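This is a predicted model, so every value here is computed, not measured.
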Amino acid sequence: QVQLAESGGGLVQAGGSLRVSCIVSGHTSNDYTGAWFRQAPGKNQEFAAAITGDSTYYADSVKGRFTISRDVAKNTVYLQMNNLKPEDTAVYYCALATGSWSFDPDDMDYWGKGTLVTVSR
């Protein structure tokens, strides 16, 4: 059974940094698209970043501030978040798509439970 577990969320001041992690377990293949989505309080979910192979893709709202990466040996996908802003406050969800390159939430096969990132003013 494939399971995703996020960690690393917390409270940070504006301008600070956090790195959230997504540990992928139960997935025997390293061929997948890893993605991060987020949902701010009272708002709809939005895409943040995705990675597969040597390709990455970012939402305009996080481009230049966030970096997605993958450690194959640790079977972990990371999202490094720098220069955080209050509007980055959200629950951050890790998601995985197998056998495809996609950052559409409808194409995600597995989801984590999310980790809360709160950016104070």
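- Phe37 and Leu79 end up in different hydrophobic clusters when Ile, Leu, Val, Met, Phe, Trp and Tyr side chains are linked at under 4.5 Å.
- With contacts defined as side-chain heavy-atom distances shorter than 4.5 Å, the pair Leu18/Val117 qualifies.
- In this structure, the side chains of Met81 and Val20 come closer than 4.5 Å at one or more pairs of heavy atoms.
- Between Trp111 and Pro105 the shortest heavy-atom distance is CZ2-O, 3.6 Å.
- Side chain of Ser21 to backbone of Tyr78: no donor-acceptor contact under 3.5 angstrom is found.
- Under the 3.5 Å distance criterion, the side-chain polar atoms of Gln39 are left unmatched by any main-chain donor or acceptor of Asn44.
- Arg38 forms no cation-pi arrangement with Tyr92, by the criterion of a distance under 6.0 Å to the ring centre and an angle within 45° of the ring axis.
- With rounding to the nearest 0.5 angstrom, the CZ atom of Arg19 is 11.5 Å from the CG atom of Asn82.
- Checking side-chain atoms of Asn75 against main-chain N and O of Val24 turns up a donor-acceptor pair under 3.5 Å.
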Task: Chi angles and distances behind the side chain to side chain contact (heavy atoms under 4.5 Å, CB included) call for Trp36, Val77 - done: CA-CA 9 Å; Trp36 288 94; Val77 179; 3.7 Å; yes

Open item on the list: Using the rule given for side chain to side chain contact (heavy atoms under 4.5 Å, CB included), can you reason through Tyr58 versus Ile68, listing the C-alpha separation, both sets of side-chain angles and the distance that settles it, and then say yes or no?
Closed with: CA-CA 9 Å; Tyr58 298 93; Ile68 188 170; 3.5 Å; yes

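- Side-chain N or O atoms of Thr115 include none that pairs as donor or acceptor with a backbone N or O of Ser7 at under 3.5 Å.
- In terms of hydrophobic clustering, with Ile, Leu, Val, Met, Phe, Trp and Tyr side chains grouped at heavy-atom distances under 4.5 Å, Phe103 and Tyr93 are assigned to a common cluster.
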TODO: Begin with the C-alpha distance, continue with both residues' side-chain angles, and end with the deciding distance and a verdict on side-chain hydrogen bond (donor to acceptor under 3.5 Å, both in side chains) for Thr76 and Asp71.
DONE: CA-CA 5 Å; Thr76 302; Asp71 187 327; over 6 Å; no

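- More than 12 heavy-atom neighbours from other residues, nucleotides or ligands sit within 6.0 angstrom of CD on Glu46.
- A distance-only check finds no donor-acceptor pair linking the side chain of Gln13 to the backbone of Arg121 [under 3.5 Å].
- Of all heavy-atom pairs spanning Leu4 and Cys22, the tightest one is CB-SG, 3.9 Å.
- Side-chain atoms of Ser55 do not come within 3.5 Å of backbone N or O of Gly53 as any donor-acceptor pair.
- With a 6.0 Å radius and a threshold of 12 heavy atoms from other residues, nucleotides or ligands, Tyr57 has its OH atom at or below the threshold.
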- [ ] For side chain to side chain contact (heavy atoms under 4.5 Å, CB included), just list the numbers for Ser102 and Thr33, CA-CA rounded to whole Å, side-chain angles, deciding distance to a tenth of an Å, and then say yes or no.
- [x] CA-CA 7 Å; Ser102 176; Thr33 296; 5.8 Å; no

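- At a threshold of 4.5 Å between non-hydrogen side-chain atoms, the residues Ser69 and Gln80 do not count as touching.
- Tyr32 is connected to Tyr110 through a chain of hydrophobic side-chain contacts under 4.5 Å among Ile, Leu, Val, Met, Phe, Trp and Tyr, so both are in one cluster.
- The minimum heavy-atom distance between Glu6 and Cys94, with the atom names listed, is OE2-N, 2.7 Å.
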- [ ] Might you work through the side chain to side chain contact (heavy atoms under 4.5 Å, CB included) test for Leu11 and Ser120, ending with a clear yes or no?
- [x] CA-CA 7 Å; Leu11 177 65; Ser120 64; 4.2 Å; yes

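- Using a cut-off of 4.0 Å between Lys/Arg side-chain N and Asp/Glu carboxylate O, Asp88 and Lys85 are scored as not salt-bridged.
- Nearest heavy-atom pair across Pro86 and Ala14 is CD-CB, 4.1 Å.
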